[in-house]
Visitor: 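Structure incoming, see below.
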Amino acid sequence: MATMTSLQSSFTSLSISANSSFLGQRLLSPISLSAASPVKPAQNPFLVFAKLKRWERKKCKPNSLPILHKMHVKFGDTVKVISGRDKGKIGEVTKIFTHNSTIVIKDVNLKTKHMKSREEGEPGQIVKIEAPIHSSNVMLYSKEKEVVSRVGHKVLEDGQKVRYLIKTGELLDTVEKWKQLKEAKNKETSAVAVASTS
């Protein structure tokens, strides 16, 4: 209460006429604080959200790292598209984005990209690139039985946890398959490195 009376006395000592102006705008006469309603603290303060661009809106954990989604597909799996423009196409997963559950499949969901020329004499190009597709739009595919299936998990006798196709029982995570994938990836990176140096 003491602070309120001191504020009241300071406002009454301040004499500003209603006709005076400041930079072309009229000033209002001081309002008596006794007539004003007492200030109440906000019970439910609202949160202020910064406006972000659409592609920056990622759900984050409390430590500000993006939430990574678990997916039923992994790098190197053969999948079949079950919905969308490319429904029925079969391809191999070449890239995975875990923060938004999308994957890139070889020769599926091709988009046209217009590339500018990098040097003066070089002409521009129109290239086809593989765009990401949501992982819920694909199912795992068995090349041997030519059938799509959901994925299951089981533990082998040696304690190794593997994925398998429920319809066919075919194992997806085998040591030989991962060795082949690793060799193919190493060959691809070495070919890209040779192409960039030449």
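Starting from 1, each residue takes its place in the sequence as its number.
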Visitor: Are I133 and F97 grouped together when hydrophobic residues (ILVMFWY) are joined by side-chain heavy atoms under 4.5 angstrom apart?
Guide: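 No, separate clusters.
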Visitor: With a sphere of 6.0 Å drawn around CD of E122, does it hold more than 12 non-hydrogen atoms of other residues, nucleotides or ligands?
Guide: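 Enclosed: over 12 neighbouring heavy atoms sit under 6.0 Å from CD of E122.
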Visitor: Output all residues satisfying side chain to side chain donor-acceptor pair (under 3.5 Å) with S142, sequence neighbours left out; order by chain, then residue number.
Guide: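 Partners of S142 by the side chain to side chain donor-acceptor pair (under 3.5 Å) criterion, ordered by chain and then number, come out as E170.
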Visitor: Tell me, do I105 and T94 make a side-chain contact under 4.5 Å, heavy atoms counted?
Guide: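 The answer is no, as the side chains (C-beta and beyond) never meet within the 4.5 Å cut-off.
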Visitor: Taking all non-hydrogen atoms of both residues, which atom of V73 and which atom of S135 are closest, and how far apart?
Guide: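 Result for this residue pair: CG2-CB, 4.4 Å.
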Visitor: Mind listing the closest non-hydrogen atom pair of V127 and M115 along with its distance?
Guide: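 Residues V127 and M115, closest heavy atoms: CG2-CG, 3.7 Å.
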Visitor: Considering residues at least two apart in sequence or located in another chain, which fulfil the side chain to side chain donor-acceptor pair (under 3.5 Å) criterion with H69?
Guide: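 Once residues adjacent in sequence are excluded, H69 has no partner under the side chain to side chain donor-acceptor pair (under 3.5 Å) criterion.
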Visitor: Tell me if a side-chain donor or acceptor on H72 pairs with a main-chain N or O of V138 at a distance below 3.5 Å.
Guide: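 Yes, because the side chain of H72 sits within donor-acceptor range (under 3.5 Å) of the backbone of V138.
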Visitor: Taking salt bridge (charged side-chain N to carboxylate O under 4.0 Å, His left out) as the definition, give me every residue that meets it alongside K89, ordered by chain and number, with sequence neighbours left out.
Guide: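 For K89 the salt bridge (charged side-chain N to carboxylate O under 4.0 Å, His left out) partners, ignoring immediate neighbours, are D86.
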Visitor: What pairs of residues pass the side chain to side chain donor-acceptor pair (under 3.5 Å) test when at least one of them lies in residues 149-169, not counting sequence neighbours?
Guide: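 Pairs touching residues 149-169 that pass the test: D77-R163, R163-D173.
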Visitor: Which residues pass the side chain to side chain donor-acceptor pair (under 3.5 Å) test with S83, not counting sequence neighbours?
Guide: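 Checked S83 against side chain to side chain donor-acceptor pair (under 3.5 Å); matches are N137.
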Visitor: Who passes side chain to side chain donor-acceptor pair (under 3.5 Å) against K185, sequence neighbours left out?
Guide: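 By the side chain to side chain donor-acceptor pair (under 3.5 Å) rule, K185 matches no residue at all.
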